[in-house]
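So the structure is just underneath, and the comments pick up after that.
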Amino acid sequence: MQATLGSEYVSFVSALEKEPPVSIRLNPQKGLHSTATYSAVPWTERGLYIPQRPVFALDPRWHAGAYYVQEASSMFLEQAWKTIAGSLDAKPVVLDLCAAPGGKSTHLASLLPQGSLLVSNEVIRSRAQILTENSTKWGRGNIIVTNSDPQDFGDLESFFDVIVIDAPCSGEGMFRKDPDAVKEWSEANIQLCAERQHRILADVWNALKPDGFLIYSTCTYNANENEQVLQWLTENYEVKGVEVVVPDQWNITVSSTRDINGYRFYPHQTEGEGLFMAVLQKTEGQERSFRKPKKPTWLKAPRKEVEIVSGWIQERDDWEWLRWQEKMVILPAGMYDHAEQLAQHTRIVYAGVDVAEIIRDQTNPLPALALFDDMNPRHFAVEEVDLEKALRFLKKEDIALETGKGWKLIVYQNIPLGWVKQIGHRANNYFPNEWRLRMDWREVEKLLTNPITFLEI
Ligand SMILES: C[S@@+](CC[C@H](N)C(=O)[O-])C[C@H]1O[C@@H](n2cnc3c(N)ncnc32)[C@H](O)[C@@H]1O
């Protein structure tokens with residue numbers, strides 16, 4: 001680093017000794033707006049710096065996907081996306097290959113035009129579950145979560161318009177946030193990471209369409225895992241660099257290797273952690289059409305069943321209505337064939353939105369529907385709750401409500417959280433057990449008396 005940064009090395013080291021900044025990205029679909037209290041992250045429309053870390057777990061809006069806690073430099077993805085968006089199909093199919101826990105995927109889900117499809121993949125099974133939870137809570141309905149090895153995508157020739165690879169790396173840019181990254185650092189590990197990055201790129205290259213875009217990023221500084229990986233790519237495949245316009249005042253360092261620009265974020269220059277990002281365009285390959293699989297994974301939902309639940313969604317024609325076992329599932333309209341192709345080659349963990357469960361003559365709403373931003377709240381009885389009731393709901397306690405009967409949507413500050421089924425004064429709580437708030441109530445009460453617990457938006 002000393003050799004790379006020269007006289008700036010001292011400021012770089014002293015920046016590493018400071019507390020990392022905390023930042024969030026607002027979900028444009030869930031109604032929270034930035035206020036003058038917090039300063040904006042310059043390279044995104046919805047990023048905010050939060051001077052003191054609040055207790056996010058005690059904010060029901062965080063559980064509901066109204067914002068995502070994300071390191072600020074990573075939000076530069078929005079600039080990369082804006083650079084290529086004009087050259088893409090109206091409804092692109094995008095792969096986020098190394099996606100858990102879902103920072104870049106939730107961001108992409110919001111940036112993609114209506115009707116597009118995002119495939120968010122995570123190779124580690126437990127991390128794919130966290131990715132599913134965060135994608136579901138974000139509520140765009142345009143994500144299919146897969147749990148596959150990058151190799152599995154290789155057979156989907158020319159399938160994706162854009163592939164995002166936020167590669168596993170040596171994590172030098174996370175040193176002040178994650179002490180384990182420091183412990184694991186070694187020259188040998190950098191070499192291993194670089195080899196793995198080559199392998200990942202080679203595995204999925206076939207799946208990118210001709211003229212399609214690759215967004216490559218890491219959270220490390222060394223050139224072996226960044227510029228040199230891209231140099232290797234240019235030596236083995238037909239590809240060209242794409243320039244992202246960055247104003248000088250953002251203090252992003254631009255490196256250039258063989259006409260490919262790399263955008264480098266250093267903690268002494270930008271408020272955020274270390275990040276490297278580059279955008280490339282594939283200039284080889286052929287378009288391909290796919291044969292319909294003989295045995296489909298999803299069935300088209302019968303019209304009669306769609307009639308029962310279609311009023312639960314605001315724009316029913318924007319969606320493909322499908323059955324998967326006893327579930328009614330929706331995917332963006334026109335993406336059924338893509339989903340079926342994907343199912344032939346990858347392990348799908350979650351797709352679109354689980355709208356309802358159909359058991360004999362009963363049709364019950366599912367948790368993902370409550371969090372889905374195209375859900376139609378006018379169709380349901382709504383129960384607006386205060387902070388205490390919202391937190392008790394998120395702890396999966398049965399909460400007391402005024403009398404009533406049947407399904408009720410629990411809403412906090414206009415943001416839906418989930419479902420209860422009411423019988424008299426008792427309401428059974430249908431919040432998913434695996435998502436529940438695990439904090440002891442005495443601890444909750446103590447924290448609620450501390451003003452820094454809360455986000456001021
Ligand atoms: C930098 S993290 C991704 C962060 C994520 N993009 C986000 O914004 O929240 C890299 C991810 O790659 C996954 N990974 C590890 N080894 C991998 C491999 N051989 N192939 C693909 N992904 C891998 C890790 O489990 C990890 O979730």
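Atoms within each ligand, like the ligands themselves, are counted from 1 in listed order. Heavy atoms only: backbone and side chains are in, while hydrogens, waters and symmetry mates are out. Treat the numbers as computed from the prediction; the structure is a model and nothing was measured.
- The shortest N/O to N/O separation between D166 and ligand 1 falls below 3.5 Å.
- Between G102 and ligand 1 there is a heavy-atom distance shorter than 4.0 Å.
- Cation-pi geometry between R288 and F290 is met: under 6.0 angstrom from the ring centre, within 45 degrees of the axis.
- Scanning all protein heavy atoms for the shortest distance to atom 23 (C) of ligand 1 gives V123 CG1, 3.5 Å.
- Below 3.5 Å of separation, one finds an N or O of E122 facing an N or O of ligand 1.
- The distance criterion of under 3.5 Å between nitrogen or oxygen atoms is not met by P150 with respect to ligand 1.
- Inclusion of P168 in the set of residues having an N or O under 3.5 Å from an N or O of ligand 1 is not warranted.
- In this structure, of R127, H107, Q151, the residue bringing a heavy atom nearest to atom 26 (C) of ligand 1 is R127.
- Distances from atom 8 (O) of ligand 1 to the heavy atoms of R199, R125, E71, K104 put K104 nearest.
- In this structure, atom 11 (C) of ligand 1 lies nearest to the protein heavy atom C98 CB, 3.7 Å.
- For Q413, the side-chain contact (heavy atoms from CB on, under 4.5 Å) partners at least two apart in sequence or on another chain are R61.
- For the pair I124 and ligand 1, the shortest N or O to N or O distance does not fall below 3.5 Å.
- Here the protein heavy atom with the shortest distance to atom 4 (C) of ligand 1 is A100 O, 3.1 Å.
- Residue V246 is tested with T253, I252, N251 for a side-chain contact (heavy atoms from CB on, under 4.5 Å); the sole match is I252.
- Qualifying salt bridge (Lys or Arg N to Asp or Glu O under 4.0 Å) partners for E443, counting only residues two or more places apart in sequence or in other chains: K446.
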